[in-house]
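Scroll down for the structure; my scribbles are underneath it.
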Amino acid sequence: MLADWFKPRTPAMVGVDIGTQEVKAVLLSENAEGYQLEGITRVALPKGAVVDREIRDPNAVATAMRQVKAQMPKSAKFGAASVSGSTVMTKVIFMDASLSDEELEAQIEIEADNLIPYPLDDVNIDFESLRKDEANNRVEVLLAACRSDNVDARVDALEAGGLESRVIDVEGYALGRSFKLLAEQLPGAGVGQVVGVVDLGASITTFAVIVDGETVFIREQAFGGEQFTQSIVSYYGMSYEEAERAKVSGELPRNYIFEVLAPFQTQFLQQIRRTIQIFANSSKYENLDSIILCGGSAQIEGLDNMLSEELGIPVHIANPFAGRLRASEVMQQRYGSEISRYMVACGLALRSFEPWHI
Ligand SMILES: Nc1ncnc2c1ncn2[C@@H]1O[C@H](COP(=O)(O)OP(=O)(O)OP(=O)(O)O)[C@@H](O)[C@H]1O
Ligand SMILES: [Mg+2]
């Protein structure tokens, strides 16, 4: 029966993106047309609770997680979160394709010991088979390792919110996975294109490159909207909170365009150019065909047009509602203008519909 094809292989998980400024969460279901938004919420975190993806104030995060859970459908029981930053290491290795999952795991542990600069007792290791090279009977395996304390902090956060942790992913790959919802936003659904998905948040820019639906490159940079707020603080002598409010509401003196916006745009452009250069040097591709911009700071005035003009490629703001995401009229109206902030949470929620090997 056709309907059975769309049955989730695991119970649906709430995708929980624990960022610098807030926790964002999304619950999806899958159907023949695509994905249905069943739950969505974001809860602010006090400043300093999460710094460089490290949970510094577990109680503050637990409080936010309880609020998240209260906003989700009652049936939501499982969660997926992500790690990123310097304690995460990913590497693609090549293995014998005839190995079973168990054999692969044993072999990977041996490989990991050589690759990872921490004692294996202090790290969590995961792997995923990517591409098969039939001719040589080899399989490309993505190996991901993360310091266990970083993983445990996410598991604890989910559980504090009453969600049983099922998946701890790597943030860049979760972002890349959200392209499933976005592809149809692009001409020809992005087929054969090299697409950069750029998440410009509060303190971190995450960059994922997708080719034919697969994430082939990820990079993070310590850059985001906080720098913008900080320059408002310095230039106009406001408190950080005043500056943040003025930025989001757009109530700034007109000269902010030259004094604050333009320098920020230049810095952002430099960061993006640098990442594209690193990607081009490490792959067979010379450039990107287009960029999809997401994250809270994607809402900064004119960022998409500036990027498009300077790089000479189309730049779109992420809009999964123009792609494969469906939602009730009420939800679409309420979240339509800010849905681009939820791409990591969406990518995590999408893990509910993928096979896994555990
Ligand atoms: N309307 C707006 N105009 C400009 N900036 C905005 C607007 N709305 C939100 N922002 C900025 O977006 C940033 C928050 O984005 P986001 O929610 O993606 O961050 P985060 O995921 O919590 O942080 P990070 O991923 O960097 O850890 C803040 O710097 C905020 O000021
Ligand atoms: Mg973020």
Side-chain angles (χ1 to χ4, degrees), residues 15-26 40-57 60-61 64-65 67-68 81-86 88 150 153-154 157 169-178 197-208 218-233 238-252 256-257 260-261 264-265 267-268 271 292-304 306 317-318 335-349:
V16 180
D17 168 19
I18 303 172
T20 308
Q21 198 177 64
E22 54 190 30
V23 178
K24 288 181 264 292
V26 162
I40 179 166
T41 190
R42 57 190 176 97
V43 175
L45 287 170
K47 208 165 159 43
V50 176
V51 179
D52 294 336
R53 291 292 181 269
E54 188 199 330
I55 297 181
R56 299 245 172 110
D57 184 348
V61 175
M65 280 305 305
Q67 285 172 259
V68 164
S82 57
V83 288
S84 75
S86 59
V88 181
N150 209 354
R154 260 93 196 149
D169 205 338
V170 174
E171 184 172 324
Y173 285 99
L175 178 66
R177 194 174 304 109
S178 75
V197 180
V198 180
D199 182 351
L200 181 58
S203 69
I204 293 175
T205 302
T206 309
F207 201 121
I218 57 173
R219 182 166 191 251
E220 288 145 20
Q221 286 158 290
F223 181 78
E226 279 183 354
Q227 266 101 333
F228 192 113
T229 308
Q230 202 55 53
S231 55
I232 298 174
V233 168
M238 296 181 187
S239 71
Y240 191 89
E241 289 69 30
E242 284 170 339
E244 181 68 27
R245 235 176 290 124
K247 173 175 89 168
V248 173
S249 64
E251 286 160 13
L252 287 162
Y256 100 95
I257 290 179
V260 180
L261 181 63
F264 180 84
Q265 288 185 332
Q267 267 179 300
F268 180 53
Q271 304 273 2
I292 298 181
L293 199 55
C294 60
S297 301
Q299 291 176 49
I300 292 173
E301 196 183 330
L303 221 48
D304 47 347
M306 178 280 300
I317 303 283
Y335 293 97
S337 62
E338 60 171 64
I339 191 72
S340 80
R341 297 174 81 139
Y342 292 86
M343 290 307 105
V344 170
C346 283
L348 289 168

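We count ligands from 1, going down the list as the structure has it; atoms in each ligand are counted the same way. Side chains are part of it too, since the values below use all heavy atoms of this structure and drop only hydrogens, waters and symmetry mates. This chain uses plain numbering: 1 for the first residue, then up along the sequence.
Within 4.0 Å of ligand 1, heavy atoms belong to protein residues Gly19, Thr20, Gln21, Glu22, Lys24, Arg53, Gly201, Ala202, Ser203, Ile204, Gly225, Glu226, Glu244, Lys247, Val248, Gly295, Gly296, Ser297, Gln299, Ile300, Arg341.
Residues meeting the side-chain hydrogen bond (donor to acceptor under 3.5 Å, both in side chains) test with Ser231, sequence neighbours left out: none. For Arg177, the side-chain hydrogen bond (donor to acceptor under 3.5 Å, both in side chains) partners at least two apart in sequence or on another chain are Asp169, Glu354.
Summarising the geometry, atom CG belonging to Asp304 is positioned 6.5 Å from atom CG belonging to Leu293; distances are rounded to the nearest 0.5 Å.
Ring pair Phe268/Phe223 is parallel by interplanar angle, where below 30° counts as parallel and above 60° as perpendicular.
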Give every donor-acceptor pair under 3.5 Å between a side-chain atom in residues 339-346 and any protein atom, sequence neighbours left out.
unit_1	atom_1	unit_2	atom_2	d
Arg341	NH2	Glu22	OE2	3.2
Tyr342	OH	Glu338	OE2	3.0

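Across Lys24, Arg154, Arg53, a single residue satisfies salt bridge (Lys or Arg N to Asp or Glu O under 4.0 Å) together with Glu171, and that is Arg53.
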